[in-house]
Number of protein chains: 2
Amino acid sequence: MTGESLHRPGPMTGPTRAPLSDQVRRILLDHLSRGRWLPGERIVERRVAMELGVSQTPVREALRDLQALQLVELSPNKGTWVRELTPQRLGQVYPVRGALERLAAELAHKQLADRVDVLEEHTARMHAAARAGDVDGQVRHGVAFHREIVEAAGNSVLLPNWESLTIELWTRLSLTRLRTELHDNASDHEPLVEAFRRQDPEAGRLLQLHILGYAHEPIGAS
Amino acid sequence: MTGESLHRPGPMTGPTRAPLSDQVRRILLDHLSRGRWLPGERIVERRVAMELGVSQTPVREALRDLQALQLVELSPNKGTWVRELTPQRLGQVYPVRGALERLAAELAHKQLADRVDVLEEHTARMHAAARAGDVDGQVRHGVAFHREIVEAAGNSVLLPNWESLTIELWTRLSLTRLRTELHDNASDHEPLVEAFRRQDPEAGRLLQLHILGYAHEPIGAS
DNA sequence: CGTTAACCGATGATCGATCATCGCTCAAGG
DNA sequence: CCTTGAGCGATGATCGATCATCGGTTAACG
């Protein structure tokens, strides 16, 4: 499963595209979310480069990106480490996320009223995934629900800021590493959808509380 | 003033430190804030590298950092451009900043009560700078005031998120490029300090409104 | 045996060169 | 004259090699 060389032999049929550093970043993200590297472990640029059949440069760039996502720690002249996923760190994400999404809901209250059908769609898929025992699906649609809200705000500063929290990845890591439960069932989202539908001025606040409710879930939280 | 070579001849006395890419980033930030490159203009990696006497690599890394700060735009295989500073973009920063700082104030309401003296210090310096006609000082201390609040929250997700907004730089750019006025006088901050001192539950909300008030300042905003 | 400093392998940082892609130019074809 | 595509210069992307730094190892010294 590893050792997947990224060399492009010959003319490389088709649209090719995608800088190597992007592909490397995706692979590293994948490895991280699967626990290929555990927290505290070192990531050696040259080793990864050789393994992927690329040079040090794109690996280095990819690691810089992961640093921006707070997934790894880079120390000048020392190297790269996988950051610990502690319940404390996880707990610090929720307040920020809550504040940002509340703002989004307040900015987008008008647009959201027209998009409740999309939100309901996500809710339904979430529900279906839950019944099918599809954890991955639950996470994906759950995050999509929230991303929809943030995108609806149409604020080009807000969206990248929210994306930088990488909710989906953190949720996955939390599930596997901290063995948290997934309580994020569809029914929790229905009151929110209703609030958006009637453009309830309190919808933002409801959303914020909804998110802070996630914070109580981790089993690991003492 | 340009053409400052970064070569390190000989044993380089002293602590040396600081990767070249960091120095380059600082220089580029400086150039950007001074208008060395105007919005829409192209930044060519090799040209900058030669000018600074370094190779393409550290320049490239520095540009990636600037991209994360939303100061430039990078298009794969196309190059780097300085992003426009439009009143619209600027106006989108304030709501996000407001939401984040409100959260900070609410998280830190206890710690802030013990730090009102620091806040007052910044207010005083702001005031002094204003009287001295020292615009730069006003900006610096004004931002420091707000950073103090965000730091007091002690949330390791919140702080980097707030820093990524690069308030100080945007304020400077706004002053020079959009010719906005600086209404951010010290007296505006005094009610905030008082609210923090008495741990007013509404302090966060006050701070948020205070920040949104900045948004009305730009002359350029139609 | 504990302390200190030169030594050295591993690895991040940087370099100079090469590869690949983008846009533009310009001439052939209609 | 307009369209089309080969040719080409500029420049980003990637590479392989080299430089510099960090940390652990070793050996002289007391």
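Letters go in sequence order (proteins before strands), and every chain restarts at 1.
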So what does [X] touch, heavy atoms closer than 4.0 Å: a base, only the sugar-phosphate, or nothing?
| X | value |
| --- | --- |
| B:Q56 | base |
| B:L74 | nothing |
| A:T80 | nothing |

Considering just the side-chain nitrogens and oxygens of [X], establish if one lies under 4.0 Å of OP1 or OP2 belonging to [N].
| X | N | value |
| --- | --- | --- |
| B:S21 | C:dT14 | yes |
| B:R46 | D:dA10 | no |
| B:S75 | D:dG12 | no |
| B:K78 | C:dG23 | yes |

Practice problem: Hey, can you tell me if B:H31 and B:W37 have their rings parallel, tilted or perpendicular (30° and 60° cut-offs)? | Solution: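 B:H31 and B:W37: perpendicular rings.
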Quiz item: For the base of D:dG12, is there a side-chain donor-acceptor partner from B:R60 under 3.5 Å away?
Solution: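 Between D:dG12 and B:R60, which were checked side chain against base, a qualifying N/O pair under 3.5 Å is absent.
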Mind calculating the distance between [atom1] ([X]) and [atom2] ([N]) to the nearest angstrom?
| X | N | atom1 | atom2 | value |
| --- | --- | --- | --- | --- |
| B:I43 | D:dG12 | CD1 | C1' | 14 Å |
| A:E45 | D:dG16 | CD | C1' | 15 Å |
| B:R64 | D:dA13 | CZ | P | 6 Å |
| A:L20 | D:dG12 | CG | C1' | 13 Å |
| B:D65 | C:dA13 | CG | C1' | 14 Å |
| B:R25 | C:dT14 | CZ | P | 12 Å |
| B:E73 | D:dG12 | CD | C1' | 15 Å |
| A:D22 | D:dG12 | CG | C1' | 13 Å |

Out of [options], which has the shortest distance to the side chain of [X]?
| X | options | result |
| --- | --- | --- |
| A:V54 | D:dC15, C:dC15, C:dA13 | D:dC15 |
| A:N77 | D:dT11, C:dT11, D:dC22 | D:dC22 |
| B:S55 | C:dT14, D:dA13, D:dC15 | C:dT14 |

Quiz item: Does A:P76 or A:P58 map to a spot on DNA chain D nearer the 5' end, using the closest nucleotide for each?
Solution: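 Closer to the 5' end of DNA chain D: A:P58.
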Quiz item: B:T57 or B:R42: which one's nearest nucleotide on DNA chain D is closer to the 5' end?
Solution: B:R42
Distance-minimising heavy-atom pair for [X] and [Y]:
| X | Y | value |
| --- | --- | --- |
| A:V157 | B:R89 | CG2-O, 4.4 Å |
| B:W81 | B:G40 | CD1-O, 3.1 Å |
| B:P160 | B:N155 | CD-O, 4.5 Å |

Practice problem: Mark yes or no for whether A:R60, through its side chain, and A:E45, through its backbone, hold a donor-acceptor pair below 3.5 Å. | Solution: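 Side chain of A:R60 to backbone of A:E45, a donor-acceptor pair under 3.5 Å: no, none is there.
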Quiz item: Looking only at atom types and distance, does a side-chain atom of B:E61 sit under 3.5 Å from a main-chain N or O of B:R25, one as donor and one as acceptor?
Solution: no
